[in-house]
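Some notes on the structure that comes next.
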2 protein chains.
Amino acid sequence: MFPKATLERLKLYHRLLSEEKEEYISSEEIGGRLGIPPEQVRKDLSYLEYKGKPKVGYHVKSLLDELNRLFGLDKKVKVIIVGAGNLGTALTNYPGFSNYNIEIVGIFDKDPAKIGKKVGDLVVLPMEYLERVIKRFNVEIGAICVPKESAQEVANLLVENGIKAIWNFAPALISVPEYVIVRNEDITLGLLSLKHMLEVKNTQSKQG
Amino acid sequence: MFPKATLERLKLYHRLLSEEKEEYISSEEIGGRLGIPPEQVRKDLSYLEYKGKPKVGYHVKSLLDELNRLFGLDKKVKVIIVGAGNLGTALTNYPGFSNYNIEIVGIFDKDPAKIGKKVGDLVVLPMEYLERVIKRFNVEIGAICVPKESAQEVANLLVENGIKAIWNFAPALISVPEYVIVRNEDITLGLLSLKHMLEVKNTQSKQG
DNA sequence: TAGATTGTTAATCGATTAACAATC
DNA sequence: TAGATTGTTAATCGATTAACAATC
């Protein structure tokens with residue numbers, strides 16, 4: 001397939017194109033807005049089936065369609081969320097997901113105080129309902145929004161019940177069988193990057 | 001300095017070492033747990049001042065100290081959060097931040113219904129207090145937890161008030177002067193990765 | 001000492017950049 | 001047609017891997 005780095009940039013192009021109002025866009029324009037050299041943009045897009053038009057640029061809608069297909073956005077995917085704390089609630093209520101053709105069909109918690117509470121259109125269910133909901137709605141993705149101490153336990157439960165991919169928001173390493181996809185969204189890693197950049201900048205300004 | 005890819009892995013080593021109970025750890029062990037070849041681990045660690053001991057491995061505490069210094073975790077940094085919705089609340093209440101030597105000193109919202117509400121030990125303040133809090137506490141990082149429509153507006157406000165780094169949780173591109181550091185935590189990009197991996201796996205299993 | 005593990009140099013691989021040809 | 005922009009090939013650069021020397 002294409003380079004890992006290219007895939008990362010294709011995600012950025014996708015976001016940019018989703019908000020683009022013009023009919024055509026050039027590699028110069030895309031690159032300029034994202035801070036990426038236009039040659040790189042063209043190279044990246046050359047991996048796709050869709051071809052741009054010399055002198056005109058890339059047809060936004062066609063290119064977006066191609067990227068949607070690539071990212072599987074043309075197929076609906078069901079998601080459940082485990083953990084009805086602030087993060088799980090934020091995720092459930094996130095307004096942008098409809099654009100990505102995913103549907104949140106359940107939110108779970110083990111805390112009796114949270115069970116029965118309404119979160120958006122959903123009602124927080126006890127963990128015992130996990131299996132039923134996964135099977136009934138054919139859920140493919142499970143999001144882990146529990147404290148890191150319970151992350152592995154929840155991961156095991158999701159795997160046992162046939163979930164295909166885990167979206168892990170807990171700042172913890174989880175181990176799963178190799179056939180299960182894991183995507184980690186550990187904000188503490190982001191924080192390390194930020195602090196590092198601040199640190200580098202501070203020491204540079206002292207030296208320079 | 002060292003490669004960008006190395007820095008990313010150093011963050012993973014940092015997280016792993018923070019939870020390690022043994023006194024020494026080998027590159028084999030680190031790599032095994034993170035799915036990284038041990039040669040790569042040694043190469044990465046060779047960029048640091050700290051040296052491991054042949055036949056013994058790396059002294060966990062010393063290595064962690066070195067990484068803490070590298071990431072600027074030995075210096076306290078103040079953070080404010082703009083947006084007191086579920087995400088801003090989740091971030092404010094996040095229990096792990098004390099380990100990273102950051103302190104959340106304020107949470108802001110423009111919604112009168114949210115102002116005055118308690119979030120952890122803090123009280124949600126109106127936007128007018130932003131400047132005062134930033135100056136008073138010498139705040140370096142501002143986290144944007146508002147809907148994407150307001151993200152740029154908030155970013156401008158933060159920049160005007162002298163914030164050094166922006167931690168952007170809104171799924172939007174924001175533009176800031178080049179001297180301001182931006183770290184984007186756009187979960188919609190993570191979602192694209194997940195859907196792509198599912199898509200690839202599904203088409204592979206159909207073909208294979 | 002022998003053996004295990006780190007550290008480093010060289011070789012390979014992959015990604016980016018530059019140059020230019022193709023094309024509308 | 002001339003000019004602008006894409007697409008592609010080749011050259012460069014950077015990161016990973018392999019091999020092995022250093023060392024406790």
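Within every chain, numbering begins at 1; the chains are lettered A, B, ... in the order of the sequence lines, protein sequences first and strands thereafter.
Taking the six-membered ring for Trp and the full ring otherwise, A:F97 and A:Y94 have centroids separated by under 6.0 Å.
Looking at B:K135 and B:E131, a side-chain N of the basic residue comes within less than 4.0 Å of a carboxylate O on the acidic one, giving a salt bridge. In summary, B:R33 and B:E20 engage in a salt bridge, as defined by a charged side-chain N under 4.0 Å from a carboxylate O. A salt bridge is defined here as a Lys NZ or Arg NE, NH1 or NH2 lying under 4.0 Å from an Asp or Glu carboxylate O, and A:R183 with A:E185 meets this definition. Salt bridge annotation for B:E128-B:K110: absent, with no cationic side-chain nitrogen under 4.0 angstrom from a carboxylate oxygen.
The stretch residues 4-14 of chain B comes close to DNA chain D through B:K4, B:A5, B:R9, each having a heavy atom under 4.0 Å from the strand. Within residues 30-55 of chain B, the residues approached by DNA chain C to less than 4.0 Å at the level of any non-hydrogen atom are B:R42, B:K43, B:K51, B:G52, B:K53, B:P54, B:K55, in residue-number order.
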Taking only distance into account, with no hydrogens and no angle test, what donor-acceptor pairs under 3.5 Å do side-chain atoms of residues 34-43 of chain B form with protein atoms, sequence neighbours excluded?
residue: B:R42; atom: NH1; partner: B:S27; partner atom: OG; Å: 3.3

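Of all heavy-atom pairs between A:V105 and A:K78, the closest is CG1-CD, 3.5 Å.
Inspection of the A:N156 and A:Q152 side chains reveals an N or O donor paired with an N or O acceptor under 3.5 Å. No side-chain donor-acceptor contact under 3.5 Å links A:D74 and A:N68.
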If pairs are Watson-Crick or G-U with both distances under 3.5 Å, what is the dot-bracket string of DNA chain C, marking crossing pairs with [ ] and pairs to another strand with |?
-> ..||||||||||||||||||||||

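Screening residues 53-71 of chain A for salt bridge (Lys or Arg N to Asp or Glu O under 4.0 Å) gives A:K61-A:D65, A:E66-A:R69 as the qualifying pairs, with residues at least two apart or on separate chains.
The number of heavy-atom neighbours closer than 6.0 Å to OH of A:Y129, taken from other residues, nucleotides and ligands shown, is 12 or below.
Ring geometry for A:Y50 versus A:Y58: interplanar angle of 30 to 60°, hence tilted.
On the nucleic acid side, DNA chain D contacts chain A at distances under 4.0 Å to non-hydrogen atoms, with the end points of that region at D:dG3 to D:dT9.
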